[in-house]
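Reading through the structure tokens given below for one structure.
The chains referred to below are lettered A, B, ... by the order of the sequence lines, with proteins before strands, and numbering in each begins at 1. The figures that follow rest on heavy atoms only: side chains count, while hydrogens, waters and symmetry mates do not. Everything numeric here is computed off the predicted structure, so don't read it as measured data.
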Amino acid sequence: GDSVTQMEGPVTLSEEAFLTINCTYTATGYPSLFWYVQYPGEGLQLLLKATKADDKGSNKGFEATYRKETTSFHLEKGSVQVSDSAVYFCALSASGGYNKLIFGAGTRLAVHP
Amino acid sequence: DTAVSQTPKYLVTQMGNDKSIKCEQNLGHDTMYWYKQDSKKFLKIMFSYNNKELIINETVPNRFSPKSPDKAHLNLHINSLELGDSAVYFCASSQVVSGSSETQYFGPGTRLLVL
């Protein structure tokens, strides 16, 4: 079945460091791909998404490119801030069906001043 | 205005009790979902309703019963609560468009602790 694999955390960085969180997926067809973020004690917020191959999603300085050839959707940010500390979830929504989201295990990011 | 709201935010109860969690969305979406997040933060879909009709029912114990009185509401009733039901339950909604995967909007979560 469809699945999402994320790099294990926690990821600990200093402020202004470069961030990469790896995400790969297994799916039949052409899924849409998402990154959601969960700040401490809160619900999930959509960070960015891409719906077809080679699309780049971007928001708040974060970027991810839908790579069909490597089945990947890695999250990047050039300069992280303390306020970016959160848990990041990669997810896919299989084509067809009713938008069932399949999530990766989540990667906790801690950014220190 | 909150787009997707859940009540209660926290729920502490004894094993064996029956409890309900309510969810409402004011986005005009036609599809709503329940997800469970366990203690390791892993998220998994439980149910989905489209226009009040059950369309996704993952392998969930039948002690869990969703009910959708209308498109804007999806409630979750849990009978005979067990320790393993302790988790955070998230409601979400989206507008299903044929051939497209639309963004799901999540509620703030209900933190359930079964003692």
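For the side chain to side chain contact (heavy atoms under 4.5 Å, CB included) test with B/Leu112, the passing option among B/Leu76, B/Ile78, B/Val88 is B/Ile78; the others fail.
In this structure a side-chain-to-backbone donor-acceptor pair under 3.5 Å is missing from B/Arg111 to B/Pro8. Listed for the B/Ser94 side chain is no donor-acceptor partner under 3.5 Å among the backbone atoms of B/Thr31.
Close placement of the B/Tyr35 and A/Phe103 rings is indicated, their centers lying within 6.0 Å of each other.
Contacts of residues 36-45 of chain B with chain A at a heavy-atom distance below 4.5 Å involve B/Gln37, B/Lys40, B/Lys41, B/Phe42, B/Leu43, B/Ile45, listed in sequence order.
Heavy atoms closer than 4.5 Å to chain B are found in the side chain of A/Leu46, but not in its backbone. For B/Glu58, the part lying near chain A is the side chain, with the backbone staying farther off; criterion is any non-hydrogen pair under 4.5 Å. The contact between A/Gln38 and chain B is made entirely by side chain atoms (from C-beta outward), counting heavy-atom distances below 4.5 Å.
Side-chain contact of A/Ser58 with A/Glu63: a donor-acceptor pair under 3.5 Å is absent, judged by distance alone.
Residues A/Asp84 and A/Lys77 are paired through a salt bridge, judged by an N-O separation under 4.0 Å between the basic side chain and the carboxylate.
For B/Val4 against B/Cys23, the heavy-atom pair with the smallest separation is CG1-SG, 3.8 Å.
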